[in-house]
Amino acid sequence: MFFQITKAATPLTGCRRQLILRSLSSSTNNIQIEVDNKTGFATVSMNRPPVNLLNLELINSLTRSMKEMEQNKSRGIILTSTSNSVFSGGLDIKELYRPDVQRLREFWTAFQDMWLAWYGSAVPTAALINGHSPAGGCVLATCCEYRVMLPKFTIGLNEAKFGLVPPPVVRISFKNVLPLRIAELALCQGKLFTSNDALNIGLIDELAKTKEEGYEKCVKFLQTFRKVDPVARSLTKQQFRGKDLDDLRKGKQKDLNDFVEHVTQDDIQMRLGLYLEQLHNRKKK
Ligand SMILES: CCCCC/C=C\CCCC/C=C/C(=O)SCCNC(=O)CCNC(=O)[C@H](O)C(C)(C)COP(=O)(O)OP(=O)(O)OC[C@H]1O[C@@H](n2cnc3c(N)ncnc32)[C@H](O)[C@@H]1OP(=O)(O)O
């Protein structure tokens, strides 16, 4: 993939000059990448209005972005969104409802690959959670090594609430961040935590009042690795996450088959349909 590189002031950091890297091969422009001249850190912003739903194209763009930044020997990545109120609304349920099975298989394979790329990334990562982050949004945030969140939003894995069983790939990164008992309870309850509660249980690491403050906190975290050998850092991270990554790599086909079987059940389709309707009608009440 090719990037067009231009210099511009960024809304994130006021007048600090940054390299704006815009993906040319993506016709949808669903990801924006900015590289800070001073720190060398890249900010990856999901840009799929209105609520950054993870459809096949956005998922593929996220995977490609990570691979390219690794190839470019990026020194750190901050994942955020261009929205003012949503980090990511999670999986685009339209991908799951009355699906074309071929596309559904492609969709879930892409999600597995995105998870492998972000959870296993060689580059240090921080999530700047500048809005709601349910389900798939929470998976992305917990794939990162550090989380800074803005107040008065929600984050968590709410799949159980609308009748989906969170598959291993959804559970693992959540479990990696939280004590097992809290993770189990939260998953069984389909609980979404407020920013404050997320901080109290350790689902996020810091709160920030504004996106700018959150950005600075992410930068500060990434800078903690400045004096650490990048290869040693990356191999150490692999030692912690390697088994999870290997388990998915080895079990990819089974995970895919289980997912497709589960999602295409009549009962699950009915629940997904009802949930979509509920989301659509939410504001009319
Ligand atoms: C062992 C076998 C295992 C098999 C496992 C099988 C399945 C596992 C599934 C994998 C795990 C699933 C993960 C997921 O991510 S599912 C998605 C979960 N997401 C949510 O529940 C979030 C729902 N959305 C919201 O709560 C809100 O939209 C919001 C994100 C807080 C944003 O609120 P607001 O800014 O007020 O926006 P709107 O509500 O007005 O939404 C804008 C339009 O987007 C539509 N929408 C919202 N979310 C979704 C979604 N997830 N999918 C599809 N569409 C969505 C919403 O209806 C609005 O569209 P409209 O204007 O046309 O109605």
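Every heavy atom of this structure was used, including side-chain atoms; hydrogens, water molecules and symmetry mates were not. Every value quoted in this text rests on a predicted model; they were computed, and no experiment measured them.
- The same ILVMFWY cluster, assembled from side-chain heavy atoms under 4.5 Å apart, contains both Val123 and Leu222.
- A donor-acceptor distance shorter than 3.5 angstrom exists from the side chain of Arg241 to the backbone of Tyr119, with no hydrogens or angles considered.
- Put simply, the side chain of Cys143 does not reach to within 4.5 Å of the side chain of Thr125, judged on heavy atoms.
- Using a 4.5 Å cut-off between side-chain heavy atoms of Ile, Leu, Val, Met, Phe, Trp and Tyr, with links allowed through other members, Met114 and Leu116 fall into the same hydrophobic cluster.
- Residues Asp244 and Lys175 are not in side-chain contact: their nearest non-hydrogen atoms beyond the backbone lie 4.5 Å or more apart.
- With values rounded to the nearest 0.5 angstrom, Leu207 atom CG is found 4.5 Å from Leu199 atom CG.
- Cluster membership check: Ile33 shares its hydrophobic cluster with Ile78, using side-chain heavy-atom separations under 4.5 Å among Ile, Leu, Val, Met, Phe, Trp and Tyr.
- Judged by distance alone, with hydrogens and angles left aside, the side-chain atoms of Asn52 form no donor-acceptor pair with the main-chain N or O of Gly89 at under 3.5 Å.
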- Item | Derivation of the side chain to side chain contact (heavy atoms under 4.5 Å, CB included) call for Thr39 and Arg75 | CA-CA 8 Å; Thr39 61; Arg75 298 174 59 196; 6.0 Å; no
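- With hydrogens and angles left out, the side-chain atoms of Ser61 and Asn30 include a donor and acceptor closer than 3.5 Å.
- Lys211 and Ser81 get closest at one heavy-atom pair: NZ-O, 2.8 Å.
- Put simply, CG on Asp205 and CZ on Phe221 are 7.5 Å apart, with the number rounded to the nearest 0.5 Å.
- How far CG of Leu235 is from NZ of Lys237: 12.0 Å, rounded to the nearest 0.5 Å.
- Contact record, Glu159 with Pro166: CB-CG, 4.0 Å, taken as the closest heavy-atom pair.
- The main-chain N or O of Met149 is never found under 3.5 Å from a side-chain atom of Glu206 such that the two would form a donor-acceptor pair.
- A side-chain hydrogen bond (donor to acceptor under 3.5 Å, both in side chains) with Tyr215 is found for one member of Asn130, Thr210, Asp36 and no other, namely Asp36.
- Phe153 and Val86 fall into different hydrophobic clusters, where Ile, Leu, Val, Met, Phe, Trp and Tyr residues are linked whenever their side-chain heavy atoms come under 4.5 Å apart, directly or through other members.
- Under a 4.0 Å N-O distance rule, the pair Glu57/Arg48 does not qualify as a salt bridge.
- By the criterion of side-chain heavy atoms lying less than 4.5 angstrom apart, applied directly or through intervening Ile, Leu, Val, Met, Phe, Trp or Tyr residues, Val139 is grouped together with Ile31 in one hydrophobic cluster.
- Taking all atoms of both residues into account, the shortest heavy-atom contact from Lys152 to His132 is O-CE1, 4.3 Å.
- Checked for salt-bridge contact, Asp246 and Lys243 miss the test: no charged N lies under 4.0 Å from a carboxylate O.
- With no hydrogens or angles considered, no side-chain donor-acceptor pair links Lys252 and Thr109 at under 3.5 Å.
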- What do the steps show when you test Ile268 against Leu272 for side chain to side chain contact (heavy atoms under 4.5 Å, CB included), and what is the final call? CA-CA 6 Å; Ile268 298 294; Leu272 289 171; 3.9 Å; yes
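- Counting only heavy atoms from C-beta outward, the side chains of Gln189 and Asn158 never approach each other to under 4.5 Å.
- Listed for the Glu95 side chain is no donor-acceptor partner under 3.5 Å among the backbone atoms of Leu104.
- A parallel orientation is assigned to the rings of Phe111 and Trp108, their planes being inclined by less than 30° (bins at 30° and 60°).
- Between the side chain of Gln112 and the backbone N or O of Leu248 there is no donor-acceptor pair closer than 3.5 Å.
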- Task: Mind running side chain to side chain contact (heavy atoms under 4.5 Å, CB included) on Val177 and Arg147 for me, showing each step along the way?
- Result: CA-CA 10 Å; Val177 169; Arg147 280 154 294 284; 3.4 Å; yes
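- Taking the side chain as every heavy atom from C-beta outward, Leu79 and Phe87 approach each other to under 4.5 Å.
- The line from CG of Leu56 to CG of Leu91 is 11.5 Å long, rounded to the nearest 0.5 Å.
- Rounding to the nearest 0.5 Å places OG of Ser234 at 9.5 Å from CG of Asp229.
- Scanning both residues, Ala208 and Lys217, for their nearest heavy atoms gives CB-CD, 4.3 Å.
- Across Met69 and Val44, no two heavy atoms sit closer than the pair CE-CG2, 3.3 Å.
- For the pair Tyr275/Gln278, a side-chain contact is recorded, criterion being any heavy-atom separation below 4.5 Å from C-beta on.
- Here Lys220 does not pair with Glu216 in a salt bridge; the nearest charged N to carboxylate O distance is not below 4.0 Å.
- Remark: the backbone N or O of Leu128 is paired with a side-chain donor or acceptor of Thr80 at under 3.5 angstrom.
- A donor-acceptor pair under 3.5 Å is absent between the side-chain atoms of Ser83 and the main chain of Val51, judged by distance alone.
- At distances below 3.5 Å, not a single donor-acceptor pair connects side-chain atoms of Asn72 with backbone N or O atoms of Ser74.
- Residues Leu245 and Trp115 form a side-chain contact, since some pair of their non-hydrogen atoms from C-beta on lies under 4.5 Å apart.
- When every heavy atom of Glu70 is checked against every heavy atom of Ala122, the shortest pair comes out as OE2-N, 2.8 Å.
- Side chains of Leu164 and Arg271 form no contact here, defined as non-hydrogen atoms less than 4.5 Å apart.
- Checked by atom type and distance alone, the side chain of Ser88 never pairs as donor or acceptor with a backbone atom of Pro134 at under 3.5 Å.
- Atom CD of Gln265 has more than 12 neighbouring heavy atoms from other residues, nucleotides or ligands inside a 6.0 Å radius.
- The backbone N or O of Gly251 sits nowhere less than 3.5 Å from a side-chain atom of Asp255 that would complete a donor-acceptor pair.
- The shortest distance between side-chain heavy atoms of Thr142 and Leu203 falls below 4.5 Å.
- Atom CZ of Phe107 sits about 7.0 Å away from atom CG of Asp92, to the nearest 0.5 Å.
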